[in-house]
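Worksheet for the structure shown next.
Ligands are counted one by one from 1 in listed order, and the atoms in each one are counted from 1 as well. Keep in mind that the numbers below use all heavy atoms, side chains included, and drop hydrogens, waters and symmetry copies. Note that the structure is predicted; figures quoted are calculated from it, not measured.
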Amino acid sequence: MTDKATLTIGDKSYDLPILKGSTGPDVLDIRKVYAESDHFTFDPGFTSTASCESKITYIDGDAGVLLHRGYPIDQLAEKSSFLEVCYLLLNGELPKADEFAKFEHNITYHTMLHAQFDRFFEGFRRDAHPMAVMTGAVGALSAFYSDSINVDDPREREISAHRLIAKMPTIAARAYKYTVGQPFVSPRNDLSYSENFLRMCFAVPAEDWKPNPVLTRAMDRIFILHADHEQNASTSTVRLAGSSGAHPFACIAAGIACLWGPSHGGANQEALEMLETIGSVDNIKDYVQGVKDRKYKLMGFGHRVYKNFDPRAKVMQKTAHEVLGQLGHNNDPLLNVAQELEKVALNDPYFVDRKLYPNIDFYSGITLRAMGFPTNMFTVLFALARTVGWISQWKEMFEDPTRKIGRPRQLYTGATHRDYVPVESR
Ligand code: ACO
């Protein structure tokens, strides 16, 4: 096996070292191409470019495989808990019992927000999208933690990671409570991570809130399924923002902003709205024709990396059935529409030829709606769960001694030098 490739430009050749990962495609090392050949490489959308070296998450999109630190996502979703997955992503290994107890304690005792922080929420309009509130609120959190500004100190990085994982449910629940005009519910440290979050969202002063173990487990599993996904758009945003040495909470706010878009985390809201638009199984044929006529996309279908079933979608589908069964919504018309639509699309050459399969968002919306979340909260839940992935990747970036500020180049096609023309002469 050769360990280098050769790039030939005109009559000159350049060696490109080939780097090998522990699995997955080898990588051509082009770091010296510009210095040696005076050429940039061109890859908008980063379809062929590895932006970093990472040991956290591995995806084989053709085989439909997703591993966190080597562990398959379906095993983690089945056997682990979200907090244990957080530890795994951050530290690289599953925790021993005493390590987990310490970690759980650290997260649990950082769940409160500064009392003054609540005033930030009041600055937003009541009809603000909760993702707008999240972007602003998490950015504002950096103003409360100027003590963790030294990103080069591993202990400060660890404290920031713990604070973020701990406080995100409290902020997300407040974003929800604010938009529905209900009083904020404080965290309770005797509850599990997911139970505490559900309580902060759904408890009201007028009546007792009763935990439902099936819904708590489903929430925890949904968080596990969204915890990390290697160098996707929002994670790359967090890494890029962090590469300048910016405050970690501000970097996470940048990740939240990126996640909001409908091509990324916003797709779960759009997927549910699409199912509502279709409304009934009878309308599927016409809707699918509209997709093929390129009037709109089938939301919750397709993925940049998976050209096979998204392994998270399979777990999500099972979770949807469990939740709807528990709540007695087995005949939810939207579930029928989703199942039939999936069947139609998976047998239609338009989708088969393009390798378009359901992604995680296809079934998550139905599940979250049944659990009581409004559609505009779906992406917020995604952001809450993905925070651990973002901060683990951010932390890994700082542990890499070769870290550089992220600074892509461009293929410039604009005007070349021209002299300024005064307005009366234009
Ligand atoms: N519906 C219909 N056609 C689609 C869809 C879709 N959902 N997705 C891709 N295609 C078509 C494209 O039109 C294109 O067709 P063409 O080759 O005839 O022009 C072909 O499939 C390839 O699509 P690309 O846009 O090149 O694929 P890309 O990797 O850039 O996009 C993306 C991936 C953005 C996820 C896309 O599939 C999409 O928009 N899906 C719907 C939104 C969605 O569900 N996003 C969630 C992603 S998962 C997540 O973030 C958690």
Can you check whether [Y]'s main-chain N or O pairs, donor with acceptor, with [X]'s side chain at less than 3.5 Å?
{"X": "Asn268", "Y": "Leu272", "value": "no"}
{"X": "Thr387", "Y": "Ala383", "value": "yes"}
{"X": "Tyr412", "Y": "Ala415", "value": "yes"}

Of the protein's non-hydrogen atoms, which lies at the shortest distance from [atom], and what is that distance?
{"atom": "atom 36 (C) of ligand 1", "result": "Lys297 NZ, 3.9 Å"}
{"atom": "atom 2 (C) of ligand 1", "result": "Val291 CG1, 3.5 Å"}
{"atom": "atom 20 (C) of ligand 1", "result": "Arg354 CD, 3.8 Å"}
{"atom": "atom 42 (C) of ligand 1", "result": "Met299 CE, 3.4 Å"}
{"atom": "atom 3 (N) of ligand 1", "result": "Tyr350 OH, 3.5 Å"}
{"atom": "atom 5 (C) of ligand 1", "result": "Leu356 CD1, 3.8 Å"}
{"atom": "atom 18 (O) of ligand 1", "result": "Arg294 NH2, 2.3 Å"}

Donor on one side chain, acceptor on other, [X] and [Y], under 3.5 Å:
{"X": "Thr235", "Y": "His229", "answer": "no"}
{"X": "Asp293", "Y": "Gln289", "answer": "yes"}
{"X": "Gln269", "Y": "His129", "answer": "yes"}
{"X": "Ser54", "Y": "Glu396", "answer": "yes"}
{"X": "Asp220", "Y": "Ser81", "answer": "no"}

What I'd like to find out is whether the side chain of [X] reaches to under 4.5 Å of the side chain of [Y], using heavy atoms alone.
{"X": "Phe301", "Y": "Asp361", "value": "no"}
{"X": "Phe202", "Y": "Phe373", "value": "yes"}
{"X": "Met200", "Y": "Lys177", "value": "no"}

Give the atoms of ligand 1, by number and element, whose distance to some non-hydrogen atom of [X] is under 4.0 Å.
{"X": "Gly300", "result": "43 (C), 44 (O)"}
{"X": "Phe382", "result": "51 (C)"}
{"X": "Gly302", "result": "35 (C), 37 (O)"}
{"X": "His303", "result": "33 (C), 35 (C), 37 (O), 48 (S)"}
{"X": "Ala267", "result": "43 (C), 44 (O), 45 (N), 46 (C)"}
{"X": "Asp361", "result": "46 (C), 48 (S), 49 (C), 51 (C)"}

Strictly inside 4.0 angstrom of [atom], do you find any protein heavy atom?
{"atom": "atom 22 (C) of ligand 1", "value": "no"}
{"atom": "atom 38 (C) of ligand 1", "value": "yes"}
{"atom": "atom 50 (O) of ligand 1", "value": "yes"}
{"atom": "atom 26 (O) of ligand 1", "value": "no"}
{"atom": "atom 31 (O) of ligand 1", "value": "no"}

Hey, is ligand 1 close enough to [X] that some N/O pair sits below 3.5 Å?
{"X": "Phe301", "value": "yes"}
{"X": "Tyr296", "value": "no"}
{"X": "Ile360", "value": "no"}

ask   = How would you list, by chain and number, every residue that makes a salt bridge (charged side-chain N to carboxylate O under 4.0 Å, His left out) with Lys32, sequence neighbours excluded?
value = none
message = For atom 34 (C) of ligand 1, which of the options Ser234, Pro262, Ser263, Gly45 provides the nearest non-hydrogen atom?
response = Ser263
inquiry  = Which option wins on minimum heavy-atom distance to atom 33 (C) of ligand 1: Arg304, His226, His264?
reply    = Arg304
task = Under the side-chain contact (heavy atoms from CB on, under 4.5 Å) rule, what do Met274 and Tyr287 come out as? Steps first, then yes or no, please.
result = CA-CA 10 Å; Met274 174 193 75; Tyr287 195 86; 3.2 Å; yes
task = Report yes or no: is the cationic atom of Arg354 (NZ for Lys, CZ for Arg) closer than 6.0 Å to the six-membered ring centre of Tyr350, at no more than 45° off its axis?
result = yes
ask   = If you measure from each non-hydrogen atom of Leu298 to ligand 1, which part falls under 4.0 Å: side chain, backbone, both or neither?
value = both
